[in-house]
Amino acid sequence: MCGIVGFVGAEQAAPILLDGLTRLEYRGYDSAGLAVYDPERGLQLTKAKGRLKALADLTNGGNSVPGTVGIGHTRWATHGEPSYANSHPHLSNSGRIAVVHNGIIENYLEIKEYLISQGVTFHSETDTEVVVQLLEYYYKGDIVDAAFKVLHRIEGSYALGIVCADQPDQLVAARKDSPLVLGYGEGCNFIASDVTALIKYTKTVSYMEDGELAVVTRDGIQVYNNLRQPIEKEKSIVDWDISDAEKGGYEHFMFKEIMEQPEVLRKAAFPRIKNGRVELEALSLTDDFIRQLSRICIVACGSSYHVGMVGKYILEGLLRKPVDVALASEFRYASPIIDENSLVIVISQSGETLDTMAALREAKRLGAKTLGIVNVVGSTIAKESDDVLYTWAGPEIAVATTKAYSSQLIVLGLLGVYFTQVLGTMPDDEREELLRQIQLLPSKMEEMLSYTEDIQYFASQFFNHESIFFIGRNLDYAMGLEGSLKLKEISYIHSEAYAAGELKHGTISLIVPGTLVVALATYDPLFDKAVSNIVEVKSRGATVLGLTTEGRESQMGKVADAVITIPETHPLLLPSLSVVPLQLFAYYVALQRGCDIDKPRNLAKSVTVE
Ligand code: M6R
């Protein structure tokens, strides 16, 4: 969703704000704007519809905007179309106060009606504008005072950046259910939606918590709780560099992140494997709890949900305990049957997905133990879960997730192995072999990534299809879900994934001569069944691109029109390898179609609204 950034210092603010926004553009990119305090002319607003480049061009990279204090925003529209009027920052009617916001003010209509009845005029369709007009309504000379009053009145989710012309040496920031990071520089300080915007300037940060308000000046940052009591924030040092958040010579972040996967697997898995066993960082989950566990429920959205779908097969296979997978957006409203003997595993790259966060809170309310598998350190889901396993994938910038998916999958697998150690459901030699195979995954992946020409070729053959189906059974079905999502989100080709045996119960009516079916058949126990399903679609004229393991290519070649192979590995690890060609296929198809791969239309990386 939207990205916000704020700066107070001695240097010109606008170029720094624009630089920060560049790194946040993955959060939303339909319009952008800046509000900077100019000592000569007061608060100055510059906004532009479209990509951030339009704003950069308008301001000559920020150089034409004077002033050393300001806020910036890149928008993913929720209320009101992308337009100049609806883009942020929003300005109060007197021109004294400017606000940027990420989130949704749920009671904005009620507040808007009230303010209109008081003679306040509105200029946009946004929910955000009520914040700035309400600030002005309450403002009696102290912006912090007004901000606290506003925070007690608004409902919903927000990360807010506020600048007031009467107190031009400070920014005010506040958060509830939307991320906000404070950055400590030398002679300057920052706010931002995430650390990628700050890392060039400082590695020392604090993560704001719900209900907190921060007053940010050149010399320091004072944070208050919701009772307006000053509090001390813990500072953290970010342990990655600006180069991790840059393209490093690649054309797209997505491709760079696909290529980073072997290293990501090493980082996520190797330190957790010791002497043939899995050792996880200190968890509050006791062995007794794991033994009496009646049910595991995995909750997530999008690709993280697909990790859960793979995880169900893996965990049920390893533990022989029931594992359900739920979409976070459904979970919280479905009266989930979980209790204190349940473990709810929430999976989230960003750690800020609102639906997943809400599901986590619901699980806690129902008494379940919760464990987060999260990439972004210090994120809300990481902090609110009873236990967290970080995926250590580093910053993921492309909207379509790749390396985070792979890291989540391996961490979930390791968690499963850890549970087998407690439950005794896996003989030592089998566990050791599985862990040995995990350690071989990065080099196998490297080998796959060293030669991508065949997938490029297939993409060039199939990029103009308008509808593509993915079929598979068991783990291959779960992988088809991810392959299909990846393809559609970046190439805009309609795509569906089906359990191969299910296709004939309705969807096979859509298969007509020339329809492309990507058939996954890596899971050996069901290879023959998968072949039968391929033959079914071939009989209806489908063109089949088959995906199988090395050694099976000639059998696959007899039924499929084209074949991609992946190296052999432990059956439970096949998804870690089969995801790679699916990612590459989506990438090259989108490239052929001239799509904006890193910033697909209508999407945003971090979905902080319901
Ligand atoms: O940050 P999260 O893992 O919670 O995000 C969940 C989904 O929004 C995300 O996986 C989305 O589906 C990706 N764009 C898929 O590539």
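All values below come from the heavy atoms of this structure, side chains included, with hydrogens, waters and symmetry mates left out. When a ligand or atom number is given, it counts from 1 through the structure's own listing order. As the structure is a computational prediction, the values presented were derived from the model and not from experiment.
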Is Gly302 close to ligand 1, meaning an N/O of one under 3.5 Å from an N/O of the other?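 In this structure, Gly302 places no N or O atom under 3.5 Å from an N or O of ligand 1.
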
If we only count N/O pairs under 3.5 Å, is Lys486 in contact with ligand 1?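 Such a contact does occur with ligand 1.
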
Protein heavy atom at shortest distance from [atom]:
{"atom": "atom 8 (O) of ligand 1", "answer": "Val607 CG2, 4.0 Å"}
{"atom": "atom 1 (O) of ligand 1", "answer": "Ser350 OG, 2.7 Å"}
{"atom": "atom 9 (C) of ligand 1", "answer": "Ser303 N, 4.0 Å"}
{"atom": "atom 6 (C) of ligand 1", "answer": "Cys301 O, 3.3 Å"}

Is there side-chain contact between Leu55 and Leu52, with heavy atoms separated by less than 4.5 Å?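 Sidechains of Leu52 and Leu55: in contact.
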
In the structure I gave you, are the side-chain heavy atoms of Gln583 and Gln261 within less than 4.5 Å of one another anywhere?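 Heavy-atom side-chain distance check passes, below 4.5 Å.
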
What are the atoms of ligand 1, with element, lying closer than 4.0 Å to any heavy atom of [X]?
{"X": "Ala400", "value": "16 (O)"}
{"X": "Glu489", "value": "13 (C), 14 (N), 15 (C), 16 (O)"}
{"X": "Ser304", "value": "2 (P), 3 (O), 10 (O)"}
{"X": "Thr353", "value": "1 (O), 2 (P), 4 (O), 5 (O)"}
{"X": "Ser348", "value": "1 (O), 2 (P), 3 (O), 4 (O)"}

Is the ring pair Phe469/His494 parallel, tilted or perpendicular, if the boundaries are 30 and 60 degrees?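 It falls in the perpendicular class, over 60°.
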
Using the ring of each side chain (for Trp, its six-membered ring), is His465 parallel, tilted or perpendicular to Phe462, with breaks at 30° and 60°?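 Rings of His465 and Phe462: perpendicular, as their planes differ by over 60°.
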
After noting the C-alpha distance and the side-chain angles of Glu260 and Lys403, does the key distance pass the salt bridge (charged side-chain N to carboxylate O under 4.0 Å, His left out) rule? CA-CA 7 Å; Glu260 283 173 353; Lys403 64 174 180 172; 2.7 Å; yes

Against Glu212, only a single residue in Arg175, Lys176, Lys233 fulfils side chain to side chain donor-acceptor pair (under 3.5 Å); can you say which?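 Result for side chain to side chain donor-acceptor pair (under 3.5 Å) with Glu212: Lys233.
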
Find out whether the Lys NZ or Arg CZ of Arg593 is both under 6.0 angstrom from the six-membered ring centre of Tyr492 and within 45° of the ring's axis.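 Judged by the rule (NZ or CZ under 6.0 Å from the ring centre, within 45° of its axis), Arg593 is not positioned above Tyr492.
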
